[in-house]
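Reviewing the structure listed below.
We name chains A, B, ... by the order of the sequence lines, and we start the count at 1 in each one. The model shown is predicted, which means the values in this text are computed figures rather than measured ones.
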Protein chains: 2
Amino acid sequence: MKKMGMSDLAQEILKGNHRAIARAISLVENDRNAAREMMKKIFPHTGGSLIIGITGSPGSGKSTLVDQMTGLLRKKRDKIGIVAMDPSSPFSGGAILGDRIRMMQHSVDPQIFIRSMATRGHLGGLARATGEAISILEAAGKNIILVETVGVGQDEVEVVKLADIILVILIPGAGDEIQVFKAGIMEIADIFVLNKSDSPFAERMEKQLRAMLDLGLGGKAPPPVVKTVATDGQGVDKLVKEIDKLVADRDQELRDSRKKRLIPWMLMDIISEKIYHSVTHDIESSEFESLIERIYRREIDPYTVADEIVEKLKKSR
Amino acid sequence: MKKMGMSDLAQEILKGNHRAIARAISLVENDRNAAREMMKKIFPHTGGSLIIGITGSPGSGKSTLVDQMTGLLRKKRDKIGIVAMDPSSPFSGGAILGDRIRMMQHSVDPQIFIRSMATRGHLGGLARATGEAISILEAAGKNIILVETVGVGQDEVEVVKLADIILVILIPGAGDEIQVFKAGIMEIADIFVLNKSDSPFAERMEKQLRAMLDLGLGGKAPPPVVKTVATDGQGVDKLVKEIDKLVADRDQELRDSRKKRLIPWMLMDIISEKIYHSVTHDIESSEFESLIERIYRREIDPYTVADEIVEKLKKSR
């Protein structure tokens, strides 16, 4: 693909060109300023796809499950986008690569687009970057987008909240439910997937899970629990049926409320970013560094400096 | 404690008054605007304490270790502040409460201040709120501050980066090292703690860990690995000695670089927050809601709206 302007890039995305999608997601990750023009152009074409978030602790089988679901959804002629968090640690090359290689069986299918998002170097911005990657895939005509997190930390919760439907994967005997509780993921689950359910602990785990759900939900109907063995695809058809059912029953309501809730946050985030850009460009870098040094020496405080910079910004027009 | 102004509150913090510390941290969490005045006042008195970050997956024994370390450090007459992440999920009440109750054996000691920080409702701001809680404890004269995360997610990594020295807790046989790798925590560890080292898998785990460290560090000296059994305090004295050694060897260098790196981020964060406040106050809430609705209907895009709001903000002076 030759160098192209943002307008051409947006056009290519709308055509579903995979190389254009890949380039656009890289822009969103690495060159936010250039990405804005493109995002403006594709925005009217977003908001129509079903976003499924998949979360659970590492080792719970998320990637395998995503893989199996993709296989099944493709048979139904869905066009699928997959965004998988990738911690991109120099230490983790091996394990992660393994996950991604497993997914590559789908990567030759022109209707499936798979992309890893680096979880690092987005100080507070992973959810934003992921949200924009989702928008790009929506604009490119993927009608189902699977978003897979790394673990169950707080940032993962923010990412998974971008989804219309959230699957929480648990495995028996790992004390896993406690992790999920601790991360505050329990309340946002639309479907629980009890993976590795061929384990001898599966039945006990299911009972415990249901008991906890009954306890915690205060009378609300508990979300469905689906048992799977992702490695051989067992139960994945049931899972897809549960998703279909959820979509049929209360999809619009679910999506409306989630998406409306996200917009104010997205808007404020874009505003903050714009201001950040403005500030770092309005102030000389030597001046900025001397400010940092003075704050470090406790000669001034960052709150006062922030006040002054914002005033300056207002005047700079 | 009667109602008091921000100036009085700052005074009471500097005296080490625990109720003032508690109130100040609540302000930082809940009333950012009021907190700014207080933060300005205490800022000159911050930056002098040793901040120790403790991270590792749930169940690795972080709380117990923090508890044991606290006992030991108190014997050395240190004044200790503890900030523990608390996911504050309605589902998790039990488990978390258990951790905190265990800590309460120290809570009658006037030289120890323990505080849970809610990990939720800080959209992108947990690290900021935690950073400010640390500053408050520094100003209050706690010379050692322990910061304990919930799990090993990305947000936890951001929080633990606030520390001068970072302990990563692993346990044998949990496949735990993979989680830590995946979260990208490996590179930021200053000391590895192999807890529950009375497990039959401990020796193998230690070997694996050392092999991985040798592999991943590309020639750099690997961080020390300390074996502990936190439940009965075994090895905790060795851990404290390792920390002392680290402080003696390269403390100033470590702290200087970490703290200087944090200031630009802190500054930009405070600026963004100020702008956010400005925007949500300058725009009528009905106007804001109609904007959200129009974005939802894809009549306008959030990028263009952000441009307009920032222009308006600049004019509003």
Is Glu293(A) close to chain B through its backbone or its side chain, or both, or neither, when contacts mean heavy atoms under 4.5 Å?
side chain
Under the side chain to side chain contact (heavy atoms under 4.5 Å, CB included) rule, what do Lys40(B) and Asp307(A) come out as? Steps first, then yes or no, please.
CA-CA 11 Å; Lys40(B) 279 186 193 179; Asp307(A) 289 348; 2.8 Å; yes
Heavy-atom cut-off 4.5 Å, strictly under: side chain, backbone, both or neither for Glu299(B) against chain A?
neither
Value rounded to 0.5 Å, distance of [atom1] in [X] from [atom2] in [Y]:
{"X": "Asp301(A)", "Y": "Thr46(B)", "atom1": "CG", "atom2": "OG1", "result": "9.0 Å"}
{"X": "Ile295(B)", "Y": "Phe43(A)", "atom1": "CD1", "atom2": "CZ", "result": "6.0 Å"}
{"X": "Tyr303(B)", "Y": "Ile270(A)", "atom1": "OH", "atom2": "CD1", "result": "4.5 Å"}

Partner chain A: residue of Met39(B), Arg36(B), His45(B) with the largest heavy-atom pair count (under 4.5 Å)
Met39(B)
